[in-house]
Trainee: 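Sharing a structure here in structure tokens format.
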Amino acid sequence: MKVATWNIGGGILGESHQYGVIPSLDYYASVLAEHLPDVVCLQEAHDFHGRGIGQTEYLARNSGYPHFASFPTSQSHMAENAYLALGIISRFPIQNAVYKKFPNPGLETTGPNGECWKLHDKGYVMVQLDLGGRTLGLVNGHCFPLHHFGASPIEPGFAQIWDMLTADLLAVVDTGPAVATVDLNYARAKDLMGEALRPGYYFSAFEGTPTTPKGVQQDHILYGHALRLLTTTVTATSSDHSYCQASFLV
């Protein structure tokens with residue numbers, strides 16, 4: 001099974017935080033066609049709350065995936081009348097979805113063009129994939145970009161966020177095979193979720209591998225002890241995040 005994660009930043013190309021740029025979803029579909037993942041977890045896919053086809057649905061339908069789900073998290077800072085969403089597209093049925101929102105610390109700062117930046121809501125979704133006779137637990141998350149607000153996720157004031165995510169990761173892996181894909185906005189997953197990354201729980205598929213054009217890792221794929229890692233792919237793209245994929249023997 002090939003599982004991918006990709007922050008598509010509203011479907012635009014180039015640097016993040018561009019406002020009003022026309023999405024290039026066919027480019028994103030072409031990358032999926034090249035790598036042929038079985039499951040794709042998306043962050044910052046635009047959802048329009050029923051006023052049009054969301055980006056998760058568009059990519060699913062145009063890439064031949066029969067199952068998809070979109071979970072809006074906050075108003076988009078890149079397009080009017082759009083919401084940022086966590087998306088999942090899959091060759092397998094998606095069941096028992098639960099979305100959880102992180103407690104928002106409410107930070108504000110001034111952006112590079114003098115605009116006011118406010119911390120958008122973030123969170124994660126937990127689902128089960130029906131593999132036919134058994135299930136795979138899947139977590140897809142997006143964490144706060146605290147570095148843009150002069151803060152670090154390892155500060156004690158943010159511990160509640162990581163305790164919350166860690167508890168659910170452990171609950172998912174206790175039920176059977178599990179994969180978690182997370183845009184942590186931070187490089188070292190063990191600093192934040194050490195309890196989950198102990199032997200016998202989760203492993204990191206590509207710890208220490210840059211996933212952004214700035215040469216830092218923000219995106220992670222974690223996999224439970226019941227899976228065997230076969231290959232990993234982290235490839236630069238025309239967006240501001242790499243396409244990340246791991247294949248497993250389930």
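Here the structure is a predicted model, which means the values were calculated and not measured.
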Trainee: Might you point out which heavy atoms bring M126 and V139 nearest each other, and give the distance in Å?
Mentor: CG-CG2, 3.9 Å
Trainee: Hey, does the side chain of H148 reach the backbone of G111 with a donor-acceptor pair shorter than 3.5 angstrom?
Mentor: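 Such a contact is absent between H148 side chain and G111 backbone.
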Trainee: Using only atom types and a distance under 3.5 Å, with no angle test, would you say the side chain of D130 pairs donor to acceptor with the backbone of Q95?
Mentor: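 Not confirmed, D130 side chain does not pair with Q95 backbone.
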Trainee: Kindly work out whether a path of hydrophobic side-chain contacts (I/L/V/M/F/W/Y, heavy atoms less than 4.5 Å apart) joins M193 to I154.
Mentor: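 As far as the 4.5 Å side-chain criterion goes, I154 and M193 are connected within one cluster.
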Trainee: Hydrophobic clustering (ILVMFWY, side-chain heavy atoms < 4.5 Å, transitive) - are L165 and V98 grouped together?
Mentor: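 Looking at the clustering, L165 is in the same group as V98.
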Trainee: Just by modelled atom types, is the H67 backbone N or O under 3.5 Å from a matching donor or acceptor in the S90 side chain?
Mentor: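 Here the side-chain-to-backbone pair does not exist.
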Trainee: Does the N185 side chain pair with the main chain of C143, one donor and one acceptor, at a distance under 3.5 Å?
Mentor: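 Present.
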Trainee: For R198, does the CZ atom sit with more than 12 other heavy atoms under 6.0 Å from it, leaving out its own atoms?
Mentor: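 Yes, the 6.0 Å shell around CZ holds more than 12 heavy atoms from other groups.
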Trainee: Output the distance between atom NZ (K190) and atom CG (L222), rounded to the nearest 0.5 Å.
Mentor: 11.0 Å
Trainee: Has W162 got a side-chain atom pairing as donor or acceptor with D191's backbone, closer than 3.5 angstrom?
Mentor: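 Not confirmed, W162 side chain does not pair with D191 backbone.
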Trainee: Side chains of D47 and S70 only: does a donor on one sit below 3.5 Å from an acceptor on the other?
Mentor: yes
Trainee: So, taking the atom named CD1 in I12 and the one named CG in L25, what distance separates them when rounded to the nearest 0.5 Å?
Mentor: 11.0 Å
Trainee: Please find the pair of heavy atoms, one from G10 and one from M78, that lie closest to each other, and give the distance.
Mentor: N-CE, 3.8 Å
Trainee: If two hydrophobic side chains count as joined below 4.5 Å and joins carry through other members, does V173 share a cluster with L131?
Mentor: no
Trainee: On a heavy-atom basis, which atom in P105 and which in L119 lie closest, and how many Å separate them?
Mentor: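 Taking every non-hydrogen atom into account, CG-CD2, 3.5 Å.
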Trainee: Rounded to the nearest 0.5 Å, how far does OG of S74 lie from NZ of K118?
Mentor: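 Going from the NZ atom of K118 to the OG atom of S74 covers 13.0 Å.
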Trainee: Fit a plane to each ring of Y83 and H49, take the angle between them on a 0 to 90° scale, and name the class: parallel (under 30°), tilted (30 to 60°) or perpendicular (over 60°).
Mentor: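 Ring orientation, 0 to 90° scale: parallel.
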Trainee: Can any side-chain N or O of S242 pair as donor or acceptor with the backbone N or O of T211 at less than 3.5 Å?
Mentor: yes
Trainee: Would you check, one step at a time, whether the test side chain to side chain contact (heavy atoms under 4.5 Å, CB included) holds for L136 with V39?
Mentor: CA-CA 11 Å; L136 174 75; V39 181; 5.8 Å; no
Trainee: Can you confirm whether W6 sits close enough to S239 that some side-chain heavy atom of one is under 4.5 Å from a side-chain heavy atom of the other?
Mentor: yes
Trainee: Compare all side-chain heavy atoms of L227 with those of V250 and state whether any distance is below 4.5 angstrom.
Mentor: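 A side-chain contact under 4.5 Å exists here.
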Trainee: Hydrophobic clustering (ILVMFWY, side-chain heavy atoms < 4.5 Å, transitive) - are L169 and I161 grouped together?
Mentor: yes
Trainee: Spell out, as yes or no, whether a donor-acceptor pair under 3.5 Å connects the side chain of T73 to the backbone of L84.
Mentor: yes
Trainee: If you define the side chain from C-beta out and look only at heavy atoms, does anything of E44 sit under 4.5 Å from H77?
Mentor: yes
Trainee: Distance check, rounded to the nearest 0.5 Å: E115 atom CD versus T109 atom OG1?
Mentor: 9.5 Å
Trainee: Could you go step by step and tell me if Q217 and R188 meet the side chain to side chain contact (heavy atoms under 4.5 Å, CB included) rule?
Mentor: CA-CA 8 Å; Q217 181 174 10; R188 297 179 298 277; over 6 Å; no
Trainee: Measure the spacing between CG of N7 and CD of Q218 and express it to the nearest 0.5 Å.
Mentor: 8.0 Å
Trainee: When V125 is tested against each of I94, I88, L138 for side-chain contact (heavy atoms from CB on, under 4.5 Å), which residue passes?
Mentor: I88
Trainee: Just by distance, do the side chain of S30 and the backbone of Y27 share a donor-acceptor pair under 3.5 Å?
Mentor: yes
Trainee: Testing the basics here: between A97 and V127, what is the closest heavy-atom pair and its distance to 0.1 Å?
Mentor: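 Looks like CB-CG1, 3.7 Å.
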Trainee: Can you name the one residue among V40, L13, T237, N62 that meets side-chain contact (heavy atoms from CB on, under 4.5 Å) with Y28?
Mentor: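 That would be L13; it is the only one of V40, L13, T237, N62 passing the side-chain contact (heavy atoms from CB on, under 4.5 Å) with Y28.
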Trainee: Side chains of N140 and Y99: do they bring a donor and an acceptor to under 3.5 Å?
Mentor: no
Trainee: Less than 4.5 Å apart, any side-chain heavy atom of V216 and any of P210?
Mentor: no
Trainee: Determine whether T233 and K2 make a side-chain contact, defined as any pair of heavy atoms from C-beta on separated by less than 4.5 Å.
Mentor: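 With C-beta onward as the side chain, the pair stays apart.
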Trainee: Evaluate the side-chain proximity of F144 to N104: yes if any heavy-atom separation is below 4.5 Å, no if none is.
Mentor: yes
Trainee: So, does Q55 use its side chain to make a donor-acceptor pair with the main chain of E57 at under 3.5 Å?
Mentor: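 Not at all, since once roles are kept as given, no pair shorter than 3.5 Å links the two residues.
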Trainee: What heavy-atom pair brings V234 and C244 nearest, and what distance separates the two atoms?
Mentor: CG1-SG, 4.2 Å
Trainee: Carefully, step by step, assess I221 and Y202 under the rule side chain to side chain contact (heavy atoms under 4.5 Å, CB included).
Mentor: CA-CA 10 Å; I221 296 179; Y202 286 92; over 6 Å; no
Trainee: Within 45 degrees of the ring normal and closer than 6.0 Å to the centroid, is that where the cationic atom of R228 sits relative to F248?
Mentor: no
Trainee: State, without any angle test, whether S76 and H46 hold a side-chain donor-acceptor pair at a distance under 3.5 Å.
Mentor: yes
Trainee: Please work out which of the three classes, parallel, tilted or perpendicular, describes the rings of Y243 and H35, given edges at 30° and 60°.
Mentor: parallel
Trainee: Determine, using the 4.5 Å side-chain heavy-atom cutoff (strictly less than), whether Y124 and L192 are members of one ILVMFWY cluster.
Mentor: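 Yes, it is one cluster - the side chains of Y124 and L192 are joined through contacts under 4.5 Å.
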Trainee: Taking atom CD of Q160 as the centre, does the number of heavy atoms from other residues, nucleotides or ligands within less than 6.0 Å exceed 12?
Mentor: no
Trainee: Check G200 against H225 and note the closest heavy-atom contact, atom names and distance.
Mentor: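 Closest pair (atom of G200, atom of H225, distance): O-CD2, 2.7 Å.
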Trainee: In a check of side chain to side chain donor-acceptor pair (under 3.5 Å) between D183 and each of H142, K122, Q43, which one passes?
Mentor: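 Result for side chain to side chain donor-acceptor pair (under 3.5 Å) with D183: H142.
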Trainee: Give the C-alpha distance, both sets of side-chain angles, the deciding distance and a yes or no for side chain to side chain contact (heavy atoms under 4.5 Å, CB included) between T135 and N96.
Mentor: CA-CA 11 Å; T135 60; N96 304 322; over 6 Å; no
Trainee: What distance do H147 atom NE2 and S152 atom OG have between them, rounded to the nearest 0.5 Å?
Mentor: 11.0 Å
Trainee: So, does S63 use its side chain to make a donor-acceptor pair with the main chain of Y65 at under 3.5 Å?
Mentor: no
